[in-house]
J.: 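Before I ask anything, here is the structure I am working with.
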Amino acid sequence: MKLRTAEIDDASDESLLGRMAQGDEAAFLTVYRRRQRSVYRYSLHMAGDEEVAADVVQETFMALLREAGRLDPALGTVQAWLFAVARKQVLRALTAKRRYLSLEEEASGEPMIEGCVLEDLEHSQLLEKLRELIPTLPPVYREVLVLCDMQGLAYEEVATIAACPVGTVRSRLHRARALLAGKLRPLVGQAS
């Protein structure tokens, strides 16, 4: 049993698909342990809600169980497929959430960021401000920012996940960074 476990632990996600399709629980658990945290972080950054992120992770890995036998490793990595499924789940949750916003919430526009002036911010506080600001970005910009800058995925992988050209990923990432800089500018202005 030890040798089998070691073989599974050393195997790539893509090579475990066949075993998962045959109901091999150890193969599934290996992929789950490897990828669950990054799918959760992505979902949390996209949705801004821990409960939604947890639901997205569950739905994403249930989809992996159902689709393992049909996934073609030649079309992309398991990780990219998981992010693509999580993306659809998050967008579905955001759409449903948007339907239930009160008129006051819709009219208020962007959330106000409370906090210290820039000179009082330490590095960790600045990072916290960025974490607060990321969910205020429109989903298409937030998505590429999270996948590229926070998950460290290549533009090509993000393009596959987001179902758009690499050039669009680059332009969305540039716009996301510009929007974040614009949102940070008032904090810099307060410090002057």
Side-chain angles (χ1 to χ4, degrees), residues 1-96 127 130-131 134-135 137 139-174 176-177:
M1 185 72 173
K2 286 277 189 197
L3 181 60
R4 184 167 182 263
T5 302
E7 284 176 11
I8 289 175
D9 288 343
D10 293 339
S12 71
D13 295 347
E14 292 70 27
S15 67
L16 294 174
L17 288 173
R19 289 182 180 196
M20 280 189 272
Q22 295 171 355
D24 188 333
E25 185 178 336
F28 173 77
L29 288 174
T30 299
V31 174
Y32 179 81
R33 280 189 219 107
R34 286 179 189 165
R35 304 296 176 203
Q36 177 267 340
R37 285 186 197 103
S38 59
V39 171
Y40 177 80
R41 281 191 309 268
Y42 166 75
S43 303
L44 181 60
H45 286 297
M46 289 298 295
D49 183 320
E50 292 177 2
E51 191 174 317
V52 170
D55 289 344
V56 167
V57 168
Q58 181 177 354
E59 291 299 321
T60 299
F61 282 94
M62 292 301 293
L64 178 62
L65 277 174
R66 286 190 306 271
E67 302 295 325
R70 290 183 262 198
L71 297 180
D72 183 358
L75 298 177
T77 64
V78 170
Q79 181 180 19
W81 185 87
L82 289 170
F83 280 126
V85 172
R87 173 184 187 262
K88 289 177 185 173
Q89 294 293 330
V90 167
L91 292 176
R92 187 176 298 137
L94 290 175
T95 301
L127 289 176
L130 284 171
R131 284 188 194 104
I134 289 171
L137 294 174
V140 293
Y141 301 126
R142 184 179 343 140
E143 173 180 48
V144 295
L145 183 79
V146 169
L147 290 172
C148 290
D149 289 351
M150 300 176 88
Q151 296 294 333
L153 297 181
Y155 292 155
E156 293 77 15
E157 281 184 292
V158 175
T160 301
I161 293 165
C164 66
V166 172
T168 302
V169 169
R170 287 188 175 117
S171 66
R172 286 179 182 173
L173 183 58
H174 176 76
R177 290 172 178 163

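Numbering starts at 1 and runs along the sequence shown.
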J.: How would you list all residue pairs meeting ring pair (Phe, Tyr, Trp, His ring centres under 6.0 Å) that involve residues 75-94, not counting sequence neighbours?
T.: Tyr42-Phe83
J.: Between Ala159 and Pro165, which heavy-atom pair has the shortest distance, and what is it?
T.: CB-C, 4.0 Å
J.: With a 4.5 Å limit on heavy-atom distance, are the side chains of Val52 and Ser43 in contact?
T.: no
J.: Applying the side chain to side chain contact (heavy atoms under 4.5 Å, CB included) criterion to Met20, which one of Thr30, Leu71, Leu64 satisfies it?
T.: Leu64
J.: Which pairs with one or both residues in residues 141-171 pass ring pair (Phe, Tyr, Trp, His ring centres under 6.0 Å), sequence neighbours excluded?
T.: none
J.: So, for Arg34 and Ser12, which heavy atoms are closest and what is the spacing to 0.1 Å?
T.: NH1-C, 3.7 Å
J.: Can you check whether Asp49 reaches Glu51 side chain to side chain, under 4.5 Å on heavy atoms?
T.: yes
J.: Please list all pairs passing the salt bridge (charged side-chain N to carboxylate O under 4.0 Å, His left out) test where one or both residues lie in residues 85-94, with sequence neighbours left out.
T.: Arg87-Glu143
J.: Using side-chain heavy atoms (C-beta onward) and a distance below 4.5 Å, is Thr77 in contact with Thr160?
T.: no
J.: With sequence neighbours excluded, tell me which residues meet ring-ring contact (aromatic ring centres under 6.0 Å, His included) with Tyr32.
T.: Phe61
J.: Which residues pass the ring-ring contact (aromatic ring centres under 6.0 Å, His included) test with Phe28, sequence neighbours left out?
T.: none
J.: What pairs meet the side chain to side chain donor-acceptor pair (under 3.5 Å) rule with one or both residues in residues 61-75, with sequence neighbours excluded?
T.: Glu67-Arg70
J.: Is there side-chain contact between Val158 and Arg172, with at least one heavy-atom pair below 4.5 Å?
T.: no
